[in-house]
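Right, one structure below, let's go through it.
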Number of protein chains: 2
Amino acid sequence: MSGRTVTITEVARHAGVAVSTVSYVLSGKRAISADTRRRVLDSVRVLGYHPNAGARALASRRANVIALVLPLRAGMHVPVLMQFATSVVTAARQYDHDVLLLTADEGSDGIRRAAASALVDGLVLMDVELHDPRVPLLRRLAEPSVLIGFPADTTGLTCVDLDFARAGALCVEHLAERGHREVALLGAPAVVYERGTGFARRTREGFTEAVARHGLTGVALPCEETFEQVAATVEGLLAERPGLTGLVVHNEAAVNHVLGALRQHGRRVPHDVAVVAICPDDIAERSSPALTSVLIPAEEVARQAVRLLMDKLEGHTAPEGTLLEPRMTVRDSTSVVRS
Amino acid sequence: MSGRTVTITEVARHAGVAVSTVSYVLSGKRAISADTRRRVLDSVRVLGYHPNAGARALASRRANVIALVLPLRAGMHVPVLMQFATSVVTAARQYDHDVLLLTADEGSDGIRRAAASALVDGLVLMDVELHDPRVPLLRRLAEPSVLIGFPADTTGLTCVDLDFARAGALCVEHLAERGHREVALLGAPAVVYERGTGFARRTREGFTEAVARHGLTGVALPCEETFEQVAATVEGLLAERPGLTGLVVHNEAAVNHVLGALRQHGRRVPHDVAVVAICPDDIAERSSPALTSVLIPAEEVARQAVRLLMDKLEGHTAPEGTLLEPRMTVRDSTSVVRS
DNA sequence: GCCCGTTGTCGAAGCGCTTCGACGCTCATC
DNA sequence: GATGAGCGTCGAAGCGCTTCGACAACGGGC
């Protein structure tokens with residue numbers, strides 16, 4: 001309202017107290033009488049006071065800002081990322097923190113810069129790979145960090161993710177229960193496996209393990225994302241494995257193409273082929289038929305990551321690994337039980 | 001490296017100069033001899049000095065941070081958003097600024113808070129609606145802002161966007177050139193139009209205007225995003241307009257469903273129906289057939305927005321409206337010319 | 001009625017940086 | 001040889017806040 005910005009000194013004068021008293025009212029770090037508190041808060045409201053973030057950061061050595069380091073790589077699942085990002089912001093705000101956005105293409109330098117300049121108090125990194133070059137830096141850094149995704153060696157780190165191995169297994173178990181004996185996994189594009197992205201590999205491992213455990217026949221294939229390539233993959237699969245009746249798709253961009261290809265080949269879902277997807281709910285719901293799916297619980301992962309980071313900021317220790325239990329929503333695409 | 005953080009005082013001592021001299025070397029705001037500059041920069045490197053962001057912000061009254069306010073609404077085109085966000089970060093870094101992420105669900109309060117606390121020097125808002133409640137606040141704010149999207153009244157604002165009216169018209173013109181006489185626009189979900197989202201309406205206006213100008217027959221329909229609904233819309237359209245041969249799709253989430261529905265109804269693209277999409281390139285390329293499309297130039301819009309914001313931060317004035325010329329990429333989905 | 005522990009408040013010392021004015025040089029100018 | 005205009009550097013004064021130690025005032029325990 002008033003053009004000039006209001007400082008704590010003005011609030012103190014207006015309320016007839018010392019500057020430090022205003023500070024203590026606002027931070028709650030010392031006892032303040034109810035009367036004084038009320039007067040101060042009234043002045044804050046009347047004057048429209050907002051503490052200066054820079055001054056606060058300088059004096060308290062806490063910026064109340066965390067960094068969110070976005071991935072920016074081929075083969076990433078963009079809508080999920082976005083959901084992560086907004087959930088991180090929302091969660092951080094609940095702890096009175098803001099979020100600074102960094103992109104992975106600044107690499108380790110960006111992380112070092114943000115940390116060393118005290119721009120941020122801690123970091124959340126998304127889409128960490130098995131052999132991520134930033135991990136050694138994170139270990140050295142004074143500022144705490146939380147990773148979304150698991151690198152190969154988690155010593156000294158704090159990692160959160162959906163339990164993709166369980167997710168892969170869960171899909172197989174669901175198909176096994178419905179009487180399917182021969183199944184396949186269509187996963188991420190080949191490049192994602194080659195790069196050593198943890199979630200893609202872990203899903204595949206869970207799938208393979210569950211196939212063996214249930215005595216099924218199964219194959220896991222990477223899956224590109226153009227309609228043509230997906231259609232070719234599906235066609236090859238159907239030709240080579242005539243007994244195939246169950247499909248697990250772990251590729252958000254390809255899942256609708258898979259359904260289109262099945263339709264084109266005259267395979268009805270779920271009557272001829274049952275399909276389970278690992279993807280966000282909105283995609284599963286919008287498909288035809290609606291897909292039985294394990295959703296990527298972006299919001300929950302984000303919330304956990306922020307909570308763990310806040311714990312670490314307060315000096316507590318956090319567990320090295322936190323795996324979130326996958327949950328399956330059964331929809332139309334697996335609604336037929338085979339005898 | 002060294003546990004403790006290095007301050008400008010230590011750099012000054014190490015280089016044998018005054019603190020202010022170090023500051024001037026780093027900011028370039030006063031002439032410094034080549035020799036002194038070198039000594040200071042060496043010390044900076046040797047000690048691994050990073051200026052403290054809070055102290056800098058406090059003293060200079062510039063945080064070197066801009067806010068990016070994300071939308072968070074139904075019917076939004078998520079991948080495009082993500083591209084915007086990362087492009088804004090990249091562009092801001094080129095001006096030595098960082099990006100603070102705010103979500104729209106904090107609304108005006110979040111904007112006020114970030115601005116009043118001097119957390120940020122300026123703001124970029126995405127997905128501004130025709131009657132956006134935040135606009136009056138932006139006009140009052142001391143901090144400059146740039147909007148991506150056009151509200152109804154742009155007085156006193158700085159807005160950037162793709163020229164969606166031209167984009168809509170361009171699609172029609174392309175179809176007209178290929179000999180199509182009867183066309184349709186499948187747009188955003190109905191709720192997006194009702195909400196008064198500028199880009200959806202402007203595309204429709206451009207479409208309608210160009211249809212009239214070229215003497216075509218055309219209809220513009222909203223389009224939901226589940227396969228079932230899309231299929232129903234397409235079916236209705238084909239039934240009611242047997243002469244229809246050209247389709248413009250301005251809905252990223254629905255475009256593959258549209259192709260699937262046409263396939264299901266035995267309509268070949270482009271032989272029976274030509275399709276032009278307004279969507280990101282990667283979606284257009286991955287579809288089958290690859291779609292002639294007008295892409296949403298997220299990166300360019302973001303770069304422009306940041307550039308305009310930086311201009312305003314330096315005290316220059318910026319134009320109220322900046323419309324980016326749409327560009328069409330011709331692919332297979334319109335490769336047949338009708339006689 | 002004295003001592004002591006609480007409770008509520010204040011003043012002052014920074015946090016690490018930018019920026020302003022001052023000042024001593026060196027040169028070109030008359 | 002005095003004058004003045006840069007140039008290059010320094011010291012000091014903040015920027016707006018947090019936090020530490022100090023200290024009245026007040027009861028409760030003996």
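None of these values were measured; they are calculated from a predicted model. We name chains A, B, ... by the order of the sequence lines, and we start the count at 1 in each one.
Over its full length, the helix from C:dC2-D:dG29 to C:dC30-D:dG1 turns its helical axis through 40°, comparing axes from the five pairs at each end and rounding to 10°.
Annotation: of the two residues near DNA chain C, B:N52 and A:A18, the 5′-most nearest-nucleotide partner is A:A18. With the nearest nucleotide of DNA chain C identified for both A:D35 and B:S23, A:D35 has the one nearer the 5' end. Heavy-atom nearest nucleotides on DNA chain D were determined for B:R30 and for B:S60, and the one closer to the 5' end corresponds to B:R30.
Remark: of the listed residues A:E10, A:R38, A:H14, A:H14 is the sole one forming a side-chain hydrogen bond (donor to acceptor under 3.5 Å, both in side chains) with A:S43.
Between C:dT9, C:dG16, D:dT18, one nucleotide has an atom nearer to the side chain of A:L58 than all others, and that is C:dG16. Here D:dT19 is the nucleotide among C:dT18, D:dC17, D:dT19 with the atom lying nearest to any side-chain atom of A:K29. Taking only side-chain atoms of A:A31, from C-beta outward, the nucleotide of C:dG8, C:dC17, D:dG8 with the closest atom is C:dG8. Among the nucleotides C:dC17, C:dG14, D:dG21, the one closest to any side-chain atom of B:A55 is C:dC17. Proximity note for B:V17 (side chain, C-beta onward) versus D:dT9, C:dT18, D:dC10: the nearest is D:dC10. For A:R56, whose side chain is taken as the heavy atoms from C-beta onward, the closest listed nucleotide among C:dT19, D:dC17, C:dG8 is D:dC17. In the set D:dC17, D:dA12, D:dC15, D:dA12 carries the atom at the smallest distance from any side-chain atom of B:S20. Closest approach to the A:S33 side chain among C:dT19, C:dG14, C:dG8 is made by C:dG8 (side chain taken as heavy atoms from C-beta onward). Taking every side-chain heavy atom of B:Y49 into account, C:dC17 is the closest of C:dC17, D:dC17, D:dT18.
Taking atom CG on B:L47 and atom P on C:dG16, their separation rounds to 15 Å, with Å as the unit. Distance B:R38 CZ to D:dG8 P: 15 Å, rounded to the nearest Å. Going from atom OH of A:Y24 over to atom P of D:dT18 covers 10 Å, rounded to whole Å. One interatomic measurement links the two molecules: CZ of B:R39 to C1' of D:dG8, which rounds to 12 Å at whole-angstrom precision. In this structure, the CD1 atom of B:I8 is 6 Å from the C1' atom of C:dC17, given to the nearest Å. Rounding to whole angstrom units, CD1 of residue B:I32 and P of D:dG6 are separated by 18 Å. For the pair A:N64 CG and D:dT18 P, the computed distance is 10 Å after rounding to whole Å. Going from atom CZ of A:R37 over to atom P of C:dG8 covers 9 Å, rounded to whole Å.
Shown here for B:A305 and B:V124, the closest heavy-atom pair between the two residues is CB-CG1, 4.4 Å. In plain terms, the two heavy atoms of A:I32 and A:Y24 that are nearest each other are CD1-CB, 4.0 Å.
A salt bridge is defined here as a Lys NZ or Arg NE, NH1 or NH2 lying under 4.0 Å from an Asp or Glu carboxylate O, and A:R113 with A:D109 fails to meet this definition. Ionic pairing of A:D42 and A:R39 is not present here: no N-O contact between side-chain nitrogen and carboxylate oxygen is shorter than 4.0 angstrom.
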Kindly list each side-chain donor-acceptor pair under 3.5 angstrom involving residues 55-65 of chain B, sequence neighbours excluded, with atom names and distances?
unit_1, atom_1, unit_2, atom_2, d
B:S60, OG, B:R56, O, 2.6
B:S60, OG, B:R62, N, 3.3
B:S60, OG, B:R62, O, 3.4
B:R62, NH1, B:D121, OD2, 3.3

Determine, stepwise, if the pair B:R139 / B:D153 fulfils salt bridge (Lys or Arg N to Asp or Glu O under 4.0 Å). CA-CA 11 Å; B:R139 288 212 179 82; B:D153 175 12; 3.6 Å; yes
Walk me through whether B:S23 and B:S20 qualify under side chain to side chain donor-acceptor pair (under 3.5 Å). CA-CA 5 Å; B:S23 176; B:S20 50; over 6 Å; no
Are B:S87 and B:T90 close enough, and set up right, to give a side chain to side chain donor-acceptor pair (under 3.5 Å), and what steps lead you there? CA-CA 5 Å; B:S87 301; B:T90 306; 5.9 Å; no
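Look at B:T21 and you'll find a side-chain N or O under 4.0 angstrom from OP1 or OP2 of D:dC10. Distances shorter than 4.0 Å separate none of the side-chain N or O atoms of B:R62 from OP1 or OP2 on C:dT18. Residue B:R61 places at least one side-chain N or O closer than 4.0 Å to OP1 or OP2 of D:dG16.
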Taking only nitrogen or oxygen atoms into account, show me every contact under 3.5 Å that the protein makes with nucleotides 23-27 of chain C, one pair per line with its distance.
none

